[in-house]
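Take a look at the structure below.
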Amino acid sequence: MADDKKLTTRAEDFSAWYNEVVLRAELADYSPVKGSMVIRPNGYGIWERMQRALDDMFKATGHQNAYFPLFIPESFLHKEAQHVEGFAPECAVVTHGGGKELEEPLIVRPTSETIIYHMYAKWVQSYRDLPILINQWANVVRWEMLTRLFLRTLEFLWQEGHTAHATHDEAEEEALRILGIYRDFAEQWMAMPVITGLKTESERFAGALRTYCIEAMMQDRKALQAGTSHNLGQNFAKAFDLQFQTESGEMAHAWNTSWGVSTRLVGGLVMTHGDDNGLRVPPRLAPIEVVIVPIWKSDDERGRLSEAAEQLRRELTEWTGRGNSDRLRVHVDAREGVKPGAKYYEWELRGVPLRLELGPRDIEKQSVFSARRDTRAKAAIARAGVAESVARILDAIQADMLTEAKARREAATIRSVSSYDEFRDIMAGDGAFVYAGWNGDPEVEARVKEETKATIRVIPDAEFRSTVPPAKCLITGQPARHEVVWAKAY
RNA sequence: CGGGACGUAGCGCAGUCCGGUAGCGCACCUGAAUGGGGUUCAGGGGGUCGCGGGUUCGAAUCCCGCCGUCCCGACCA
């Protein structure tokens, strides 16, 4: 309170820090309805970049977008037993419309499997109609009790892919293909390293055969489930009578997948990269990659310098070295009455990856002064060929942010825990991703959750597993069925 | 739904015990100077004190009722 310009630091109070960054960087704001939020232009701009990148990847793998309605007949939810059990408690239900009570209540979609497979059943007759590869960008509603900006709100934005295939293997291949896309997106765009793998039964999607996920570590060493891809088997096809005639003339139920990522990723971005000065956005997702701050003293200089800044902006945005469709995203901050230092703090808070300062001294030396947001390193760069230099710096920032995040995760990963007591100490302390053996018993998992708040985040894919697989279950000492990753989670 | 706290300007708060006609910081507006890391001075705008009732000459303050929010005990992208 001594200086309310400063953020609460991450070390002081990570949750308070997170809330302050989201609010003060103007990513989002609380709405009058408890548990729901407004996504402001700064936050929505990041989401739009995410959408574009993901959408391109979905299209490149043969998917098309469509839109299914918000309202679903309540009876649909009840057709798949596991599904209704999982989602009914958190559904918003519409009972009145047009001033009259409805004959059948409508639920506001918490996810769209039911309405979508109902429609697919109408559209599919023959194996020739398969596969169906559809994605939709939509809002969904889940009535949560404990909410947090971006991480858990009553309503959120996401994409949900829903596919139908002729065989189990095709569906499995699809679920894994999408998991790969999610991983690439997280690492190459968000600069957020993830662990891929399989969820245990207790964390599996309601109605799925198998749930795959990407799991990321936040700076407070808690895990964030950042995306899920489900092999639904024939569960929904059977519930919604989604059948087709095979090549040999028999009737068979289709095999489905569904998969999604949400605006929760924006929260993940903040908690992965933010520092005590605010947000840090990796260049590829930054709505503004470069901010130019012209510096002047006199009125005369103001005219000269803002013109020079404008010229610099034009040169940067007209540069096509990154391809015609991927121009540098540049903003000039020529506001009067705000001192340069105040502008620096503001753009740092908002996470703009690179700042260019342009003052009389730089003009004279035919250079511009640059400051990286990620490392806060400053350097003069030559005015000649500036666009290329800027693009190179942005690439370096993108790469360095991933490296830094990966190193942070590895530093908080423990593969050598030898007793349950030691495990409890870790979880009661700073926390970590703990790789350990597990006997496969859901009751053991439940007990550990009860006692330590930690859960099995993922049964990791081969590349993440330890070189020497654990032989015994950490908790029971029985033979291990899997090596799993334990952590406290959001 | 059970236990604790709070509701006063956009935000954060003081004032409430002990009634006297609303204040502080930040933000905002105007002007001047300032301008390479959060600028200063001067002037200014903005409040049904959560809502309703009561007591009183007079209520943010006392009394009653209601509403809402936040924190702690069953779910989750």
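For clarity, every value in this text was computed on a predicted model and none was experimentally measured. Proteins come first, then strands; the chains are lettered A, B, ... in the order of their sequence lines, and each starts at number 1.
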For F240(A), the ring pair (Phe, Tyr, Trp, His ring centres under 6.0 Å) test, sequence neighbours excluded, returns F76(A)
_Under 5.5 Å and under 30°: W158(A) stacked on A77(B)_ = no
**Prompt:** More than 12 foreign heavy atoms under 6.0 Å from CD of E12(A): is that the case here?
**Reply:** yes
Integer angstrom distance from the C1' of G45(B) to that of A9(B): 11 Å
In short, side-chain hydrogen bond (donor to acceptor under 3.5 Å, both in side chains) pairs touching residues 260-273 of chain A with sequence neighbours left out are none
Touch check for T153(A), heavy atoms < 4.0 angstrom, all strands: base, sugar-phosphate only, or nothing? base
Partner of U39(B) under the Watson-Crick or G-U wobble criteria, both distances under 3.5 Å, comes out as A33(B)
Between the SG atom in C91(A) and the CZ atom in R142(A), the distance rounded to the nearest 0.5 Å is 9.0 Å
Taking atom P in both G44(B) and C24(B), what distance in whole Å separates the two?
12 Å
- Query: P atom, G54(B) versus A59(B): distance in rounded Å?
  - Reply: 12 Å
Looking at every strand, decide which applies to L265(A) at a 4.0 Å heavy-atom threshold: base, sugar-phosphate, or nothing.
-> nothing
Item to complete: Using the C1' atom on both, measure A42(B) against A22(B) and round to a whole Å.
Response: 25 Å
Would you call E310(A)-R313(A) a salt bridge at under 4.0 Å N-O?
yes
As its Watson-Crick or G-U partner within any shown strand, both distances under 3.5 Å, G19(B) has none
Given the C1' atoms of G20(B) and C62(B), what is the spacing between them in whole Å?
15 Å
Sugar-phosphate only, base, or nothing, as touched by Q225(A) at under 4.0 Å among non-hydrogen atoms
sugar-phosphate
- Cation over ring, R355(A) on Y344(A), under 6.0 Å and within 45°? yes
Could you give the distance separating U21(B) and U8(B) at their C1' atoms, to the nearest angstrom? 15 Å
Protein heavy-atom contacts under 4.0 Å, written 5' to 3' over nucleotides 32-37 of chain B as B (base), S (sugar-phosphate only) or - (none), form the string ---BBB
Answer for the Watson-Crick or wobble partner of A14(B), both distances under 3.5 Å, is none
Expected list for residues 68-85 of chain A near RNA chain B, using heavy atoms below 4.0 Å, is none
Within the 6.0 Å centroid threshold, strictly below: W47(A) and F156(A):
no
Across every strand shown, the nucleotide meeting Watson-Crick or G-U wobble geometry with C67(B) (both distances under 3.5 Å) is G7(B)
Is any NZ, NE, NH1 or NH2 atom of the basic residue among R373(A) and E289(A) found under 4.0 Å from an Asp or Glu carboxylate oxygen of the other?
-> no
E155(A) atom CD is separated from A77(B) atom P, nearest whole Å, by 17 Å
Across all chains, not counting sequence neighbours, the salt bridge (charged side-chain N to carboxylate O under 4.0 Å, His left out) partners of K59(A) are D55(A)
Sorted by position of nearest nucleotide on RNA chain B, 5' first, the leading residue of M145(A) and E203(A) is M145(A)
Integer angstrom distance from the P of A32(B) to that of G37(B)
25 Å
When both distances are under 3.5 Å in a Watson-Crick or G-U wobble arrangement, the nucleotide paired with C75(B) is none
Sorted by chain and residue number, the salt bridge (charged side-chain N to carboxylate O under 4.0 Å, His left out) partners of R10(A) (sequence neighbours excluded) come out as D276(A)
Problem - Pairwise C1' distance, U55(B) and C67(B) [rounded to whole Å] - result: 23 Å
